[in-house]
Protein chains: 2
Amino acid sequence: MKKLNSTHKKTPAKIEVIIMAALECFNELGFNGTGMNDICARGGTSVGSVYHHFKSKDQLAARVYIEGIKNYQSGYIEELLKHNRPRDGIFAIVRYHINWVYSNRDWARFLFRMRHEDFMWAVEEEFAQLNKKFFDTVGTWFRKGIQAGEIRKMSPDMYPPVLMGPCQEFTRMLLEGKTFAKQETAASELAESAWRAVKAV
Amino acid sequence: MKKLNSTHKKTPAKIEVIIMAALECFNELGFNGTGMNDICARGGTSVGSVYHHFKSKDQLAARVYIEGIKNYQSGYIEELLKHNRPRDGIFAIVRYHINWVYSNRDWARFLFRMRHEDFMWAVEEEFAQLNKKFFDTVGTWFRKGIQAGEIRKMSPDMYPPVLMGPCQEFTRMLLEGKTFAKQETAASELAESAWRAVKAV
DNA sequence: CATATTTTAGAATTATATTCTAAAATATGG
DNA sequence: CCATATTTTAGAATATAATTCTAAAATATG
């Protein structure tokens, strides 16, 4: 009559509820402004329950972050791999980034705001792993274009900032309410800029 | 025999000591990881004293931020105004940004990490003011180049991200230990990229 | 020098993240 | 379906750390 490590059927759903409640609270009240109370209230659950599923407030926030970054990265890779020519790939990922932020504002806001929070140490290892895989894939894709002479040579570390820096900054402004530029305009102008910055000619 | 609002001679020095102690603690231990205790210990002062000069931990952190951003922005403007040709100005500010980060790591780390912290609401107004003045000045400078046809036309909101986004991302990587690129290499490659992205031809 | 004001110090208070205990719910072998 | 080991929930108790408070010390100025 012994059982081990089984898990109740509704547990994954409950965890998801807590994560979404946490995401909303953190966005509305900030990390420090959010009490475990607030999360429990919004998720319709109890302190004990939350602590049963998550080791700490930090762990919880970190899980939220991982959830978001996974979604972003997987879509990014999927989009990139649809294309072969450097120019097409660059336009695609810039567009992807901007669209993703426009249609996942809550997640995007959380990812931007929390990128450097203390609690990220709670998932340092996992986060590094995700990033490594992500940058490896992207790097491999771009190497083709560089070797084919379609993308100009720079120190390898410069490509990510040059390509994605502008959309990062633009979407940051967007989420801070500092710009109301149209999605379409932004996407095409930033993609064009990125392409000019790296194309070989 | 009545006096009002006078201030002891050593007060400004003390405030500076507290600010530097706070900067170091926050960088080493994170905002939440830092106790008022830690700051007092490092600054050789007492809780009561710190609270006499700063309304709260949030206020203190926010003052540190403002101190740092003022230094960064004033140097930036000074550098930009030394130049007249768009290309020269762009090279100068990219270089300035990178050099500033290399030679003010502590401040830079703090500014990056804390940009979206809750406590920034404590100085929202002042921060907005600084940014407005900063962007106005920069905007005015660039408008010349655009009108002279040396810089291509884009939505106005795109210039800041296109010009500074790459160095922002690069220096972020630098502070996270994700790159060891040489200061000189980074500066020239990123400046060149920025110039290609916006030049008219 | 006298005294109003500012500054310092540290104890007391308050707020809130975390731990703990026990009850309720659930899964599974029989 | 039953018995029971395990997981999950709940909320009270505890611990930690920010903030407030009170009084003493230091300082500026008429």
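Side chains included, hydrogens not; waters and symmetry mates left out as well; all remaining heavy atoms used. Here is the naming used below: chain letters follow the sequence lines, and residue numbers restart at 1 for every chain.
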(message) If we check side chain to side chain contact (heavy atoms under 4.5 Å, CB included) with Met158(B), which of these qualifies: Glu189(A), Glu169(A), Met173(A)?
(response) Glu189(A)

(message) Less than 6.0 angstrom from the centroid, inside 45 degrees of the normal: does Lys57(A) satisfy that with respect to the ring of Tyr51(A)?
(response) no

(request) Answer yes or no: does a side-chain N or O of Ser46(B) lie under 4.0 Å from OP1 or OP2 of dT8(C)? (result) no

(request) Output yes when at least one side-chain N/O atom of Thr11(A) is less than 4.0 Å from OP1 or OP2 of dT8(D), else no. (result) yes

(message) Distance check needed: dT9(D) C1' versus Ile15(A) CD1, whole Å only.
(response) 14 Å

(request) With a 3.5 angstrom cut-off on both distances, give the Watson-Crick or G-U wobble partner of dA25(D), or none if there isn't one. (result) dT6(C)

(request) Check whether any side-chain N or O of Lys9(A) sits under 4.0 Å from OP1 or OP2 of dT26(C), and answer yes or no. (result) no

(request) Please state how far atom CG in Asp58(B) lies from atom P in dA17(D), giving the value in whole angstrom units. (result) 17 Å

(request) Hunt down the Watson-Crick or G-U wobble partner of dT19(C), both distances under 3.5 Å, from any strand shown, or write none. (result) dA12(D)

(request) For Lys10(A) and dT26(C), give me the distance from atom NZ to atom C1', rounded to whole Å. (result) 9 Å

(message) Checking base pairs now: Watson-Crick or wobble, both atom distances under 3.5 Å. What partners dG30(D)?
(response) dC1(C)

(request) Please state how far atom CZ in Phe54(A) lies from atom C1' in dT8(D), giving the value in whole angstrom units. (result) 14 Å

(message) Taking ring-ring contact (aromatic ring centres under 6.0 Å, His included) as the criterion, tell me which of Tyr72(B), Tyr76(B), Trp107(B) meets it with Trp100(B).
(response) Tyr72(B)

(message) Does dT19(D) have its OP1 or OP2 closer than 4.0 Å to a side-chain nitrogen or oxygen of Lys57(B)?
(response) no

(request) Could you check how far CD1 of Ile39(B) sits from C1' of dA18(D), rounded to whole Å? (result) 11 Å

(request) Using only side-chain N and O atoms of Thr7(A), determine if any of them is under 4.0 Å from OP1 or OP2 of dT8(D). (result) yes

(request) Go ahead and name the base partner of dT13(C); Watson-Crick or wobble counts if both distances stay under 3.5 Å, otherwise write none. (result) dA18(D)

(request) Answer yes or no: is there a donor N or O on one side and an acceptor on the other, between the side chain of Lys178(A) and the main chain of Phe170(A), under 3.5 Å? (result) no

(request) Measure the distance from CZ on Phe119(A) to P on dT18(C) and round it to the nearest whole Å. (result) 13 Å

(request) Remember a base hit wins even if backbone is also touched, and classify Gly48(B) as base, sugar-phosphate or nothing at under 4.0 Å, heavy atoms. (result) base

(message) Less than 6.0 angstrom from the centroid, inside 45 degrees of the normal: does Arg87(A) satisfy that with respect to the ring of Phe91(A)?
(response) yes

(request) Return yes if some donor-acceptor pair links the side-chain N/O of Thr171(B) with the main-chain N/O of Cys167(B) below 3.5 Å, else return no. (result) yes

(message) With a 4.0 Å cutoff (strictly under), does any side-chain N or O of Lys14(B) reach OP1 or OP2 of dT8(C)?
(response) yes

(request) Would you indicate which nucleotide in dT8(C), dG11(D), dT20(D) comes nearest to any side-chain atom of Ser49(B)? (result) dT8(C)

(message) Counting only side-chain heavy atoms from C-beta out, which of dT8(D), dA28(D), dT8(C) sits nearest to His52(A)?
(response) dT8(D)

(message) It should be established whether Ser56(A) places a side-chain nitrogen or oxygen under 4.0 Å from OP1 or OP2 of nucleotide dA17(C).
(response) no

(request) Identify, between Met36(A) and His53(B), the residue whose nearest nucleotide on DNA chain C lies closer to the 5' end. (result) His53(B)

(message) In this structure, how many angstroms lie between the P atom of dA18(D) and the NZ atom of Lys55(B), rounded?
(response) 18 Å

(request) Map Tyr51(B) and His8(B) onto DNA chain D by nearest heavy atom, then report which one ends up closer to the 5' terminus. (result) Tyr51(B)

(request) Report the distance from atom CG of Asn37(A) to atom C1' of dT18(C), rounded to the nearest whole Å. (result) 12 Å

